[in-house]
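For reference, the structure is listed below as structure tokens.
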2 protein chains.
Amino acid sequence: MAPNVLDDARLTAIGLLFEVHDGLTRRLAEQLSEHGLPPAEFEVLLRLARSPGGRLRMSDLAAQVSLSAGGLTRLVDRLERRGLAERAACPTDRRGAFAVVTPEGRRLVEKAVRGHVELIERWYTGLLEPAELAAVSSALRKVRAAVHPGADAGTTPAAASL
Amino acid sequence: MAPNVLDDARLTAIGLLFEVHDGLTRRLAEQLSEHGLPPAEFEVLLRLARSPGGRLRMSDLAAQVSLSAGGLTRLVDRLERRGLAERAACPTDRRGAFAVVTPEGRRLVEKAVRGHVELIERWYTGLLEPAELAAVSSALRKVRAAVHPGADAGTTPAAASL
DNA sequence: GCGGAATACTTGCGCGTGCAACTGGTTGTA
DNA sequence: TACAACCAGTTGCACGCGCAAGTATTCCGC
């Protein structure tokens, strides 16, 4: 084991994080595709379904799901074509638009989310002791606060002023 | 807060993991692009540079970096065009091919990796107490073992027989 | 040692995404 | 009121990727 720059412990530390992410993504995507839902579309529907009025501003949604504005435009296009979401004008700002889940979209996420959560339990949360999981989450929360501002764009008025 | 299926704690637990991943990816990609390296190409070069002889079988490499065979073929094509890697025939199996880092490729990763590690320190490892980081890594190792078999394809002879 | 199944890589094709340019709407300044 | 800077969302374009089909080689049963 050469004390090489290429073998830095920090490199393997994020490597671990990334590999876990890939692995989980893969498993979860498989299950979601049984419902005809790519992961990104599932996440958008989920976030809409959780929001008051089932709606969110396009730009807030884009920030939450880490998608570019253009990417989100087309994603919502696809959802709209399938009748899972629709757009609504923003009364206070005529530039803006809301994305809104339709009842059908809501039914679909609620159906898909059950198996989804089961898989999370099987491949992630269930593999760890409760205390272990709590420790991981608390650590990740710190990191998220640093690297992913706007994770909760549009959820709290205060968040906008950060 | 409705005790809704959509607000399951496990959902927010992976959400956290995924958001951290996105955030880190974004920051790191920015730095790598200063060296003209997309993250996937950096990772491939890094893994090659760390391997004995600077070489790895295409299929092992694909498994390690979670890329499809086709995807890796083209990624190595790009590296080859830039003179950062090349292919070598496998003497024992004429179907197979090795990807090999060139000296120039090695110079580039070694140059890029310094800033890369600095950013990891700043946005991940440095944000956590040593014990905290150790706990996270130990937990993630368990998860990886479950969800990402083949994370070390081609590194140990035993791994091939799983 | 012959024929079929499995394996290692490559290629054609379609799709989702980011980036940059564009349209229309809003806010600030004088 | 007029003008400029800015902002929200959409569209054109190029690119990287997965999937499935194709080619070449190796492995296995008989």
ask   = In the 5'-to-3' direction, what one-character label does each nucleotide of nucleotides 5-14 of chain C receive under the scheme B = base within less than 4.0 Å of a protein heavy atom, S = sugar-phosphate only, - = no such atom?
value = --BSSBBBB-

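Between A/Arg81 atom CZ and D/dT10 atom C1' there is a gap of 13 Å when expressed in whole angstrom units. Following rounding to the nearest Å, A/Glu86 (CD) and D/dG9 (P) show an atom-to-atom distance of 16 Å. Following rounding to the nearest Å, B/Arg82 (CZ) and D/dG16 (P) show an atom-to-atom distance of 11 Å. When the P atom of D/dT10 is taken as reference, atom CG of A/Leu79 falls 13 Å away, rounded to whole Å. In this structure, CZ of B/Arg94 is placed 9 Å from C1' of D/dA24, rounded to the nearest angstrom.
A/Ser59 is linked by a side-chain contact (heavy atoms from CB on, under 4.5 Å) to A/Arg57, counting only residues two or more places apart in sequence or in another chain.
If you chain together hydrophobic residues whose side chains sit under 4.5 Å apart, A/Phe98 and A/Leu46 never meet in one group.
For CD of A/Glu30, the number of neighbouring non-hydrogen atoms (other residues, nucleotides, ligands) closer than 6.0 Å is 12 at most. At most 12 non-hydrogen atoms from other residues, nucleotides or ligands lie less than 6.0 angstrom from CD of A/Glu129.
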query = What do the steps show when you test A/His116 against A/Phe42 for ring pair (Phe, Tyr, Trp, His ring centres under 6.0 Å), and what is the final call?
reply = CA-CA 10 Å; A/His116 189 72; A/Phe42 172 75; 4.6 Å; yes

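A distance-only check finds a donor-acceptor pair linking the side chain of B/Arg106 to the backbone of B/Ala49 [under 3.5 Å].
DNA chain D lies under 4.0 Å from at least one heavy atom of each of the following residues of residues 17-45 of chain B: B/Ala40.
Aromatic ring pairs are classed by plane angle as parallel below 30°, tilted from 30° to 60° and perpendicular above 60°; the pair A/His21 and B/His21 is parallel.
Using a 4.5 Å heavy-atom threshold, the side chains of A/Leu84 and A/Leu45 count as touching.
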